[in-house]
Undergrad: 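Can you keep this structure in mind? I'll have questions shortly.
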Amino acid sequence: MEDRMQSVRNWARKGNLKQFQMELEARLEPLGYRAEMDMDRIRCYRVKLEKGLLGLRKRETKEPVAIIRRQNGSIEVVDADEAFVQALTSVAPVD
């Protein structure tokens, strides 16, 4: 598992944080996750659509699952949900 997290760290170092966020969002969106930039970090959420009465007024709920930070050239995943870590390592490119 740690070697898969190392491949995520290597993937994140290849460009700037915004590029990583855009690629991360494209790969995680089909799995029901969203990645949003917030200053110098990426906040990751599990997204669910809740339908209202008779299917009207759909409401999107976001549940925080992790924060990804770049600090002094190293990538750190903080407060990560186990299911999100598995999804993240499954979409990371293999070097």
Undergrad: Phe84: which residues meet the ring pair (Phe, Tyr, Trp, His ring centres under 6.0 Å) condition with it, sequence neighbours left out?
TA: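 By the ring pair (Phe, Tyr, Trp, His ring centres under 6.0 Å) rule, Phe84 matches Tyr33.
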Undergrad: Can you list everything that forms a side-chain hydrogen bond (donor to acceptor under 3.5 Å, both in side chains) with Glu76? Sequence neighbours excluded, please.
TA: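 Only Arg69 meet the side-chain hydrogen bond (donor to acceptor under 3.5 Å, both in side chains) criterion with Glu76.
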Undergrad: Restricting to side-chain contact (heavy atoms from CB on, under 4.5 Å), what partner residues turn up for Ala26, sequence neighbours left out?
TA: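 So Ala26 forms no side-chain contact (heavy atoms from CB on, under 4.5 Å) with any residue.
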Undergrad: Atom CG in Leu24, atom CE in Met37: separation rounded to 0.5 Å?
TA: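 Atom-to-atom, Leu24:CG and Met37:CE are 11.0 Å apart.
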Undergrad: Same cluster or not: are Trp11 and Ile67 linked, directly or through other Ile, Leu, Val, Met, Phe, Trp or Tyr residues, by side-chain heavy atoms under 4.5 angstrom apart?
TA: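 No.
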Undergrad: The criterion is side-chain contact (heavy atoms from CB on, under 4.5 Å); which residues satisfy it with Thr61, sequence neighbours excluded?
TA: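 With sequence neighbours excluded, Thr61 shows a side-chain contact (heavy atoms from CB on, under 4.5 Å) to Lys48, Glu50, Arg59, given in chain and number order.
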Undergrad: With sequence neighbours left out, write down each residue that passes side-chain hydrogen bond (donor to acceptor under 3.5 Å, both in side chains) with Arg27, or none if nothing qualifies.
TA: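 Residues passing side-chain hydrogen bond (donor to acceptor under 3.5 Å, both in side chains) with Arg27: Glu23.
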Undergrad: To the closest 0.5 Å, what do you measure between CD1 (Ile68) and CZ (Arg9)?
TA: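 The CZ atom of Arg9 is 10.5 Å from CD1 of Ile68, to the nearest 0.5 Å.
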Undergrad: May I ask whether Val8 and Leu28 are part of the same hydrophobic cluster, defined by side-chain heavy atoms of I, L, V, M, F, W, Y residues being less than 4.5 angstrom apart, directly or through others?
TA: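 Yes; Leu28 is reachable from Val8 via cluster members.
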Undergrad: If the condition is side-chain contact (heavy atoms from CB on, under 4.5 Å), which residues does Met22 pass it with, not counting sequence neighbours?
TA: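 Expected list: Lys18.
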Undergrad: With sequence neighbours left out, write down each residue that passes salt bridge (Lys or Arg N to Asp or Glu O under 4.0 Å) with Asp81, or none if nothing qualifies.
TA: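 Partners of Asp81 under the salt bridge (Lys or Arg N to Asp or Glu O under 4.0 Å) test: Arg46.
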Undergrad: Name all residues meeting the side-chain hydrogen bond (donor to acceptor under 3.5 Å, both in side chains) criterion together with Lys62; count only those two or more places apart in sequence or in a different chain, and write none if there are none.
TA: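 Partners of Lys62 by the side-chain hydrogen bond (donor to acceptor under 3.5 Å, both in side chains) criterion, ordered by chain and then number, come out as Glu36.
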Undergrad: Pair Ile42, Phe20 - check side-chain contact (heavy atoms from CB on, under 4.5 Å), show working.
TA: CA-CA 9 Å; Ile42 300 172; Phe20 177 62; 3.5 Å; yes
Undergrad: Any sub-3.5 Å donor-acceptor pair from Gln86's side-chain atoms to Ala83's backbone N or O?
TA: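 Absent.
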Undergrad: Mind checking what makes side-chain hydrogen bond (donor to acceptor under 3.5 Å, both in side chains) contact with Glu60, not counting sequence neighbours?
TA: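 Arg34.
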Undergrad: Once side-chain contact (heavy atoms from CB on, under 4.5 Å) is applied, do any residues pair with Asp38, and if so which ones, sequence neighbours excluded?
TA: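 Applying side-chain contact (heavy atoms from CB on, under 4.5 Å) to Asp38 gives Arg41, Arg43.
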Undergrad: Checking side-chain contact (heavy atoms from CB on, under 4.5 Å) for the pair Leu31/Val91: CA distance, chi angles, key distance, verdict?
TA: CA-CA 10 Å; Leu31 301 176; Val91 298; 3.7 Å; yes
Undergrad: Looking at residues at least two apart in the chain, or sitting in another chain, which of them share a salt bridge (Lys or Arg N to Asp or Glu O under 4.0 Å) with Glu29?
TA: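 With sequence neighbours excluded, Glu29 shows a salt bridge (Lys or Arg N to Asp or Glu O under 4.0 Å) to no residue whatsoever.
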Undergrad: Nearest 0.5 Å, please: how far is SG in Cys44 from CG in Asp79?
TA: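 Answer rounded to 0.5 Å: 11.5 Å.
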Undergrad: Between atom OG1 of Thr89 and atom CD of Gln6, what is the distance when rounded to the nearest 0.5 Å?
TA: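 It is 13.0 Å, given to the nearest 0.5 Å.
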Undergrad: Before you tell me yes or no, could you show the steps for Asp40 and Gln71 under side-chain contact (heavy atoms from CB on, under 4.5 Å), namely the whole-Å CA-CA distance, both residues' side-chain angles and the distance that decides it to 0.1 Å?
TA: CA-CA 9 Å; Asp40 61 342; Gln71 208 168 34; over 6 Å; no
